[in-house]
Amino acid sequence: MEKTSGLISGKEIYQAELKNVKEHKDYRGSFSEIFQDHWNTCIEPVQWSLVKSKERVFRGMHLHKRHDEYFCLLTGHCLLALKDIRPGSPTEGVYSLYELFEEDLAALSFPKGLLHGWYFHTPSIHVQAVSEAYIDYGKDDNHGVIWNAPDLGIPWPMDEVILSERAQDFPTESELKASLGDWQPFE
Ligand SMILES: Cc1cn([C@H]2C[C@H](O)[C@@H](COP(=O)(O)OP(=O)(O)O[C@H]3O[C@H](C)C(=O)[C@H](O)[C@H]3O)O2)c(=O)[nH]c1=O
């Protein structure tokens with residue numbers, strides 16, 4: 001099977017970007033630059049995190065009204081979904097489903113206002129960055145939608161996942177949107 005990281009379903013979303021990461025291999029191993037300011041991504045990181053996930057773990061779907069995010073798989077194999085629920089976005093209602101492999105490194109940057117979640121086919125390690133620290137956003141801007149909500153419309157290939165207790169109680173997409181009220185992510 002060809003292990004090429006990229007979009008496998010849906011369409012690209014406005015201001016989200018998957019960037020291939022060049023892995024410079026030699027007889028000692030490899031060296032890969034996973035982030036550069038000059039890439040002009042949508043994010044200015046203020047916090048970096050390293051996340052280890054067991055097989056079949058699903059993290060998300062989450063939504064933040066105030067901060068942008070970055071994700072790069074280091075080891076393993078995962079699916080990563082985005083959905084644009086920003087009122088007035090040129091890609092409002094569009095989803096993107098990416099498949100990422102450690103054998104073909106790639107980094108995804110995406111703006112505030114996109115639902116996002118990741119599923120790990122195998123034990124995996126990734127790094128993620130945010131443009132607002134968890135200590136600041138965790139209490140009031142860490143929203144969610146249940147991963148398999150019918151109105152989310154993500155064609156996940158799996159039926160069962162391992163969720164956090166909090167994520168088990170997330171609402172549907174329409175219930176979240178109703179709770180967010182009138183917000184203007186482009187102002
Ligand atoms: C996010 C975060 C979590 N934690 C602690 C809090 C919990 O004890 C533990 C797991 O946190 P959580 O269940 O929130 O992790 P995920 O389910 O991967 O979700 C996190 O990563 C996805 C992508 C999101 O977008 C969420 O905003 C963020 O909460 O790590 C920290 O200490 N610092 C942090 O920045």
Side-chain angles (χ1 to χ4, degrees), residues 5 7 10 13-19 21 34-35 41-86 89 94-102 105-149 152-154 156 158 160-173 175-177 179-180 183 185:
S5 296
L7 187 71
I13 288 174
Y14 175 56
Q15 297 176 321
E17 180 187 12
L18 184 72
K19 188 171 181 66
V21 170
I34 62 168
F35 186 86
T41 66
C42 66
I43 182 172
E44 293 182 13
V46 301
Q47 175 188 320
W48 289 87
S49 303
L50 181 143
V51 184
K52 298 179 182 178
S53 300
K54 295 178 180 175
E55 182 177 339
R56 297 178 41 247
V57 162
F58 188 98
R59 297 175 182 270
M61 305 289 283
H62 293 110
L63 179 99
H64 316 293
K65 296 201 282 188
R66 297 196 304 262
H67 74 258
D68 310 317
E69 292 204 33
Y70 164 96
F71 178 105
C72 184
L73 185 72
L74 302 181
T75 63
H77 175 202
C78 74
L79 295 174
L80 193 163
L82 302 175
K83 185 166 183 185
D84 190 352
I85 63 167
R86 295 170 294 179
S89 169
V94 171
Y95 79 85
S96 307
L97 184 60
Y98 298 93
E99 185 169 19
L100 302 180
F101 299 90
E102 68 176 79
L105 295 174
L108 184 74
S109 302
F110 58 93
K112 60 187 179 185
L114 302 192
L115 281 165
H116 51 281
W118 11 100
Y119 172 77
F120 299 94
H121 288 293
T122 62
S124 301
I125 300 174
H126 74 269
V127 290
Q128 63 189 57
V130 287
S131 59
E132 181 183 4
Y134 179 69
I135 194 170
D136 297 319
Y137 83 79
K139 48 188 177 295
D140 71 327
D141 191 23
N142 202 7
H143 312 280
V145 168
I146 190 73
W147 74 281
N148 57 355
L152 194 57
I154 308 286
W156 297 111
M158 66 280 184
E160 291 184 5
V161 300
I162 298 170
L163 290 171
S164 69
E165 288 183 14
R166 184 171 83 96
Q168 291 172 29
D169 297 331
F170 281 159
T172 63
E173 179 181 322
E175 288 167 341
L176 173 67
K177 283 177 179 176
S179 72
L180 293 176
W183 59 300

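Note that the structure is a prediction, hence the values are computed from the model and not measured. Each ligand, and each atom within it, is numbered from 1 in the order the structure gives.
At distances below 3.5 Å, not a single donor-acceptor pair connects side-chain atoms of Glu173 with backbone N or O atoms of Ala149. Remark: the backbone N or O of Leu63 is not paired with any side-chain donor or acceptor of His143 at under 3.5 angstrom.
A donor and an acceptor atom, one from each side chain of Arg86 and Gln15, are located under 3.5 Å apart.
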Can you list every pair where an N/O of ligand 1 is under 3.5 Å from an N/O on the protein?
residue	atom	partner	partner atom	Å
ligand 1	18 (O)	Arg59	NH1	2.9
ligand 1	21 (O)	Gln128	NE2	3.3
ligand 1	25 (O)	His62	ND1	3.4
ligand 1	25 (O)	His64	NE2	3.0
ligand 1	25 (O)	Glu69	OE2	3.2
ligand 1	25 (O)	His116	NE2	2.9
ligand 1	27 (O)	His64	NE2	3.2
ligand 1	27 (O)	Tyr137	OH	3.1
ligand 1	27 (O)	Asn142	OD1	2.6
ligand 1	29 (O)	Asn142	ND2	3.2
ligand 1	35 (O)	Gln47	NE2	2.8

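In summary, the aromatic rings of Trp147 and Phe170 are positioned with their centroids too far apart to meet the 6.0 Å limit. Remark: aromatic rings of Tyr119 and Trp156 are distant, center separation not under 6.0 Å.
The pair Lys112-Glu132 does not count as a salt bridge, with every side-chain nitrogen at least 4.0 angstrom from each carboxylate oxygen.
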